[in-house]
Asks: 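Pasting a structure here, questions to come.
All values below come from the heavy atoms of this structure, side chains included, with hydrogens, waters and symmetry mates left out.
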Amino acid sequence: MGKDGFYTKEMKLTTKSHYSVKALLDLALQPDYGPASVKAIAERQNIPGPYLEKLLITLRRAGIVNAYRGVRGGYQLAQAPDQISLGQILAALEESLEPFPQYRDDQSLAEDWVTLSVWRQLHQKFVKALYSITLADLYYDARSWQAAQGEGINFIV
């Protein structure tokens, strides 16, 4: 498609999004054990602690996680994993929900109205899909993958 100039990059999660989802999946494992510290999450998921702290602050402001102070403080999901969507997470991080970031809405060519209509519809379906994928879905997908690989209960995303 690059030849036609409609997009030039494939869609991928940024480091910010990837680390945030990893941290949130880590927290999904902690509901009965109370909040998890930034240090513990960072060590388990191999995420730089200071960077993770900034991400969790952003996610707290968006209402995705709760923060608790004190010796046993840390972060905990604000809702059940099946109530937090990938779309919510990306929106909280102010990430683009556009699957083709370099897509140009160029109506100068008469035949492009069909192409534009297709891309608009695909974009709408893509955003809807992002909001339908939950942390619980990602958790079970990761667990299935680990089981297929013969990995134990150590959960590293």
Side-chain angles (χ1 to χ4, degrees), residues 1-32 35-36 38 40-42 44-67 74-107 112-149 151 153-157:
M1 223 50 209
K3 176 184 167 199
D4 295 333
F6 290 109
Y7 67 89
T8 59
K9 292 183 179 181
E10 61 189 47
M11 194 234 158
K12 66 178 187 173
L13 288 178
T14 63
T15 300
K16 178 169 56 170
S17 297
H18 182 74
Y19 284 173
S20 294
V21 171
K22 285 176 64 166
L24 293 171
L25 284 170
D26 189 278
L27 290 175
L29 293 170
Q30 312 301 323
D32 297 332
V38 172
I41 299 167
R44 284 192 296 263
Q45 300 302 329
N46 196 27
I47 301 172
Y51 188 60
L52 177 60
E53 180 74 39
K54 289 178 185 176
L55 295 174
L56 289 169
I57 289 169
T58 299
L59 294 168
R60 179 187 55 78
R61 288 181 181 144
I64 294 173
V65 297
N66 292 324
Y75 289 89
Q76 195 169 27
L77 294 178
Q79 302 173 54
D82 65 348
Q83 299 299 307
I84 301 171
S85 73
L86 185 55
Q88 286 174 282
I89 297 165
L90 296 177
L93 298 169
E94 297 181 352
E95 295 283 51
S96 172
L97 299 182
E98 180 66 50
F100 308 109
Q102 301 299 318
Y103 171 67
R104 290 189 331 241
D105 194 352
D106 185 0
Q107 298 180 13
D112 277 350
W113 71 267
V114 173
T115 303
L116 292 171
S117 178
V118 168
W119 287 125
R120 285 183 185 131
Q121 289 181 45
L122 285 173
H123 174 72
Q124 290 169 353
K125 290 184 184 302
F126 178 77
V127 170
K128 185 176 180 181
L130 285 176
Y131 278 89
S132 71
I133 299 168
T134 67
L135 275 179
D137 297 327
L138 296 174
Y139 170 82
Y140 291 120
D141 286 348
R143 282 295 199 198
S144 295
W145 181 83
Q146 286 181 323
Q149 301 300 312
E151 293 183 20
I153 33 182
N154 256 353
F155 188 76
I156 300 176
V157 184

Asks: Side chains of Asp141 and Ser144: do they bring a donor and an acceptor to under 3.5 Å?
Replies: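 Checked: Asp141/Ser144 side chains show no N/O donor-acceptor pair below 3.5 Å.
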Asks: May I have the step-by-step check of side-chain contact (heavy atoms from CB on, under 4.5 Å) for Leu135 and Leu77, ending in yes or no?
Replies: CA-CA 10 Å; Leu135 275 179; Leu77 294 178; 4.1 Å; yes
Asks: Roughly how far, to the nearest 0.5 Å, is CZ of Arg44 from NZ of Lys22?
Replies: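 Nearest 0.5 Å value for the NZ-CZ distance: 12.0 Å.
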Asks: Over all heavy atoms of both residues, which pair between Val38 and Tyr75 is shortest? Give the atoms and the distance, please.
Replies: CG2-CE1, 3.5 Å
Asks: Name each donor-acceptor pair under 3.5 Å that joins a side chain in residues 54-64 to protein atoms two or more places apart or in another chain, with its distance.
Replies:
from: Thr58; atom 1: OG1; to: Lys54; atom 2: O; distance (Å): 3.2

Asks: So, using side chain to side chain contact (heavy atoms under 4.5 Å, CB included) as the criterion, who are the partners of Ser85 when residues are at least two apart?
Replies: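 For Ser85, the residues satisfying side chain to side chain contact (heavy atoms under 4.5 Å, CB included) (neighbours in sequence not counted) are Gln88, Tyr131.
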Asks: Any chance you could lay out the side-chain contact (heavy atoms from CB on, under 4.5 Å) test for Thr134 and Tyr139, step after step, and finish with the verdict?
Replies: CA-CA 9 Å; Thr134 67; Tyr139 170 82; over 6 Å; no
Asks: With rounding to the nearest 0.5 angstrom, report the OG1 to NE2 distance, Thr15 to His18.
Replies: 8.0 Å
Asks: Measure the CD-CG distance between Gln79 and Asn66 for me, rounded to the nearest 0.5 Å.
Replies: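 Here the interatomic distance stands at 9.0 Å.
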Asks: Rounded to the nearest 0.5 Å, what's the gap from CG on Leu90 to CG on Leu13? Could you check?
Replies: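 Here the interatomic distance stands at 6.5 Å.
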Asks: From Ser20 OG over to Leu93 CG, what is the distance, rounded to the nearest 0.5 angstrom?
Replies: 4.0 Å
Asks: How long is the gap from CG on Leu52 to CG on Asn46, to the nearest 0.5 Å?
Replies: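 It comes to 11.5 Å.
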Asks: How would you list, by chain and number, every residue that makes a side chain to side chain contact (heavy atoms under 4.5 Å, CB included) with Pro48, sequence neighbours excluded?
Replies: Tyr19, Tyr51
